[in-house]
Amino acid sequence: MTPEKLQSIAFKWFESFNNKELEKLLSLYDDDAEHFSPKLKIRHPETNGLVKGKQALREWWQDAFNRLPSLNYKVTSLTANGDRIFMEYTRTVEGEEEMFIAEVLNIREDKIVASRVYHG
């Protein structure tokens with residue numbers, strides 16, 4: 001996949017997320033996609049930070065959108081290579097300290113098959 005195509009998917013991801021367009025965001029994912037996040041591990045320890053499938057993603061993000069209406073991500077860097085894109089962004093939520101985040105999206109046949117979030 002070309003770097004431009006990978007970046008296009010990433011920009012759609014950010015736009016959908018920041019606009020809280022859950023179904024549009026989910027349409028970027030494969031039905032069996034996996035998502036790992038340290039926040040998920042904290043809020044739902046039984047998952048060990050990993051959820052699988054669109055329904056689990058829907059529940060996770062809907063909860064985040066409901067709890068954090070001011071949640072917003074601002075892209076700082078995108079690096080595309082092969083079948084993945086490495087995204088760096090800042091997370092802002094009203095009343096919380098800004099957080100720097102890195103996330104890797106693995107793409108297959110134009111769909112996100114796995115995503116991994118790193119905080120630092």
Side-chain angles (χ1 to χ4, degrees):
M1 187 171 297
T2 67
E4 293 79 18
K5 179 65 176 173
L6 290 168
Q7 288 180 345
S8 171
I9 292 169
F11 284 124
K12 288 176 188 173
W13 188 93
F14 281 105
E15 178 183 5
S16 300
F17 198 96
N18 285 332
N19 290 328
K20 316 291 187 279
E21 296 175 315
L22 184 55
E23 294 307 315
K24 190 174 176 182
L25 178 63
L26 288 167
S27 74
L28 301 172
Y29 283 80
D30 183 80
D31 289 341
D32 299 318
E34 297 183 353
H35 177 69
F36 174 82
S37 169
K39 290 269 187 198
L40 183 58
K41 190 173 186 176
I42 292 166
R43 289 197 58 81
H44 299 282
E46 71 281 3
T47 67
N48 205 28
L50 180 69
V51 292
K52 298 178 182 183
K54 281 189 179 181
Q55 185 57 36
L57 289 168
R58 178 181 285 108
E59 292 169 10
W60 172 240
W61 285 322
Q62 187 63 65
D63 177 62
F65 294 158
N66 291 343
R67 284 183 300 105
L68 307 166
S70 66
L71 178 62
N72 187 271
Y73 294 153
K74 182 180 177 188
V75 180
T76 56
S77 177
L78 296 175
T79 305
N81 187 341
D83 65 349
R84 70 185 57 151
I85 186 152
F86 183 79
M87 310 185 308
E88 294 176 273
Y89 53 93
T90 55
R91 173 191 183 270
T92 58
V93 172
E94 190 174 303
E96 293 185 16
E97 190 172 320
E98 186 174 83
M99 181 182 289
F100 298 100
I101 310 232
E103 184 163 353
V104 178
L105 304 179
N106 289 82
I107 314 290
R108 188 179 316 124
E109 298 177 7
D110 295 339
K111 294 288 185 182
I112 301 166
V113 296
S115 52
R116 296 177 308 282
V117 178
Y118 304 94
H119 298 166

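The basis for the numbers below is simple: all heavy atoms, side chains too, and nothing from hydrogens, waters or symmetry mates.
Annotation: side chain of R91 is in contact with side chain of E96 (closest heavy-atom distance under 4.5 Å). With contacts defined as side-chain heavy-atom distances shorter than 4.5 Å, the pair Q62/L22 qualifies. Residues I101 and V117 meet the side-chain proximity criterion, which asks for heavy atoms closer than 4.5 Å. The shortest distance between side-chain heavy atoms of L78 and I85 falls below 4.5 Å. Residues F100 and Y89 form no side-chain contact, since every pair of their non-hydrogen atoms from C-beta on lies 4.5 Å or further apart. Side-chain contact between I107 and L6 is present, with heavy atoms from C-beta onward closer than 4.5 Å.
Taking the salt bridge (charged side-chain N to carboxylate O under 4.0 Å, His left out) definition, one finds that R116 meets it with nothing, sequence neighbours left out.
Heavy-atom contacts from other residues, nucleotides or ligands closer than 6.0 Å to CD of E94 number 12 or fewer.
Pairs of residues two or more places apart, or lying in two chains, that qualify as salt bridge (Lys or Arg N to Asp or Glu O under 4.0 Å) and include a residue from residues 33-60 are E23-R58, D31-K54, E34-K52, R43-D63. Note on residues 72-86: pairs passing side chain to side chain donor-acceptor pair (under 3.5 Å), not counting sequence neighbours, are N18-N72, S77-E88.
Between the CG atom of L28 and the NZ atom of K12 there is a distance of 7.0 Å, given to the nearest 0.5 Å. Distance check, rounded to the nearest 0.5 Å: NZ of K20 to CG of L68 gives 8.5 Å. In this structure, CZ on F65 lies 9.5 Å from CD on E21, to the nearest 0.5 angstrom. Separating the CG atom in L40 from the CG atom in N48 is a distance of 9.5 Å, to the nearest 0.5 Å. A distance of 9.5 Å separates OG in S16 from CG in L26, rounded to the nearest 0.5 Å. For the atom pair M1 CE and D110 CG, the distance stands at 4.5 Å (nearest 0.5 Å).
Side-chain heavy atoms closer than 4.5 Å link hydrophobic residues (I, L, V, M, F, W, Y) into clusters, and following such links, even through other members, never connects F17 to F86. Note on V104: it does not cluster hydrophobically with W61, by side-chain heavy-atom contacts below 4.5 Å among ILVMFWY residues. Under the 4.5 Å side-chain contact rule for hydrophobic residues, L71 and M87 share a cluster.
Residues Y118 and E103 have side chains that never bring a donor and an acceptor to within less than 3.5 angstrom of each other.
With S115 as the partner, the side chain to side chain contact (heavy atoms under 4.5 Å, CB included) test is satisfied by one option alone out of F36, W13, Y29: Y29.
One N or O on the side chain of K111 and one on the backbone of S27 form a donor-acceptor pair closer than 3.5 Å. Between the side chain of D30 and the backbone N or O of D32, at least one donor-acceptor pair lies under 3.5 Å.
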